Amino acid sequence: MPSKSPKLLSANSEQWRLAHEDLHIRNTSDTKHDVRIEIYDSEVCCHTAHYQLLPGQSGCSVNLLQAGCYRVKAVLDRQHESVAAVTVSDEPERTIFVHIQNDGLTIKEGVTPSRP
């Protein structure tokens with residue numbers, strides 16, 4: 001009798017990683033950047049992170065947050081600040097996505113595929 005459980009994914013696969021990421025940060029600019037991130041559940045800060053990303057580098061955190069809506073604050077190079085409300089769950093389209101591009105910073109909901 002076939003199993004009704006979902007197909008297990010390799011923990012090393014990109015599909016698994018994207019399906020379980022709570023925070024994904026990507027630097028597509030041509031320069032190194034410093035990014036500080038604060039994630040708030042209501043008014044309480046529940047996570048802080050500091051990244052120093054080289055050009056083209058990205059990073060992520062998996063299974064960091066419970067499903068829900070969070071306020072995310074990111075500061076690029078101690079100068080440019082962005083704030084957004086983002087819903088987090090086990091779906092890739094419900095992931096905090098911090099994107100550094102053209103020396104600017106955006107916070108979105110959902111990871112977009114990187115270009116090869």
Side-chain angles (χ1 to χ4, degrees):
M1 175 186 268
S3 170
K4 292 185 179 182
S5 63
K7 178 183 173 188
L8 294 176
L9 302 172
S10 164
N12 296 325
S13 75
E14 182 174 353
Q15 185 180 6
W16 181 90
R17 184 176 51 81
L18 288 175
H20 292 85
E21 283 182 351
D22 294 332
L23 170 64
H24 184 99
I25 183 166
R26 184 180 302 151
N27 180 9
T28 58
S29 75
D30 293 333
T31 58
K32 177 181 172 182
H33 288 285
D34 179 81
V35 181
R36 295 192 182 272
I37 296 174
E38 297 174 359
I39 301 173
Y40 295 86
D41 182 8
S42 299
E43 294 302 315
V44 178
C45 184
C46 58
H47 181 74
T48 60
H50 176 225
Y51 295 89
Q52 293 181 332
L53 297 172
L54 297 173
Q57 191 174 32
S58 64
C60 71
S61 292
V62 296
N63 300 325
L64 175 69
L65 305 166
Q66 294 183 9
C69 187
Y70 294 87
R71 184 171 60 89
V72 182
K73 174 182 170 183
V75 180
L76 179 66
D77 299 326
R78 297 182 180 175
Q79 296 176 14
H80 308 287
E81 181 178 306
S82 184
V83 177
V86 179
T87 301
V88 172
S89 76
D90 283 344
E91 300 299 320
E93 59 273 3
R94 298 280 190 207
T95 298
I96 299 166
F97 180 39
V98 178
H99 191 192
I100 303 162
Q101 184 175 7
N102 300 327
D103 297 324
L105 176 74
T106 58
I107 301 171
K108 299 178 183 180
E109 185 173 293
V111 178
T112 56
S114 59
R115 295 182 185 138

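Owing to the predicted nature of the structure, the values given are computational and were not obtained by experimental measurement. We count residues from 1, following the sequence as given.
- Looking at residues two or more places apart in sequence or on another chain, you find no side chain to side chain donor-acceptor pair (under 3.5 Å) involving His47.
- Note that the CG atom of Leu53 and the CZ atom of Arg26 stand 11.5 Å from one another [nearest 0.5 Å].
- Minimum interatomic distance between Cys69 and Ala85 (heavy atoms only, all atoms of both residues): SG-CB, 4.3 Å.
- The two residues Ile37 and Val98 have their closest heavy-atom pair at CD1-CG2, 4.0 Å.
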Practice problem: Could you check Val86 against Ile107 for side chain to side chain contact (heavy atoms under 4.5 Å, CB included), going step by step and ending with a plain yes or no? | Solution: CA-CA 8 Å; Val86 179; Ile107 301 171; 4.0 Å; yes
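- Gln79 and Val75 get closest at one heavy-atom pair: N-CG1, 4.0 Å.
- Judged purely by distance below 3.5 Å, without hydrogens or angles, the side chains of Asp77 and His33 pair a donor atom with an acceptor atom.
- Atom CG of Leu54 is separated from atom OG1 of Thr31 by 10.0 Å, given to the nearest 0.5 angstrom.
- Every pair passing ring-ring contact (aromatic ring centres under 6.0 Å, His included) that includes a residue from residues 74-99 is listed here, sequence neighbours excluded: His24-Phe97, Phe97-His99.
- Counting non-hydrogen atoms of other residues, nucleotides and ligands closer than 6.0 Å to CD of Glu93 gives a total above 12.
- Not a single donor-acceptor pair under 3.5 Å links the side chain of Asp22 to the backbone N or O of Val62.
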Solution key, residues 38-45 side-chain donor-acceptor pairs under 3.5 Å, sequence neighbours excluded:
unit_1 : atom_1 : unit_2 : atom_2 : d
Glu38  : OE1    : Tyr40  : OH     : 2.4

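- For the side-chain contact (heavy atoms from CB on, under 4.5 Å) with Thr95, the lone residue among Glu21, Lys108, Glu109 that qualifies is Glu21.
- Atom CD of Gln57 sits about 10.0 Å away from atom CD1 of Ile100, to the nearest 0.5 Å.
- In plain terms, the two heavy atoms of Leu65 and Ile96 that are nearest each other are CD1-CD1, 3.9 Å.
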>> Is there a side chain to side chain contact (heavy atoms under 4.5 Å, CB included) between His50 and Asp34? Walk through the geometry before answering.
In response: CA-CA 7 Å; His50 176 225; Asp34 179 81; 2.3 Å; yes
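- Taking OH of Tyr51 as the reference point, atom CG of Leu76 lies at 14.5 Å (rounded to 0.5 Å).
- Side-chain atoms of Ser61 do not come within 3.5 Å of backbone N or O of Leu23 as any donor-acceptor pair.
- The structure places OG of Ser82 at 5.0 Å from CG of Leu105, a figure rounded to the nearest 0.5 Å.
- Using modelled atom types, no side-chain atom of Asn27 and backbone atom of Gly56 make a donor-acceptor pair closer than 3.5 Å.
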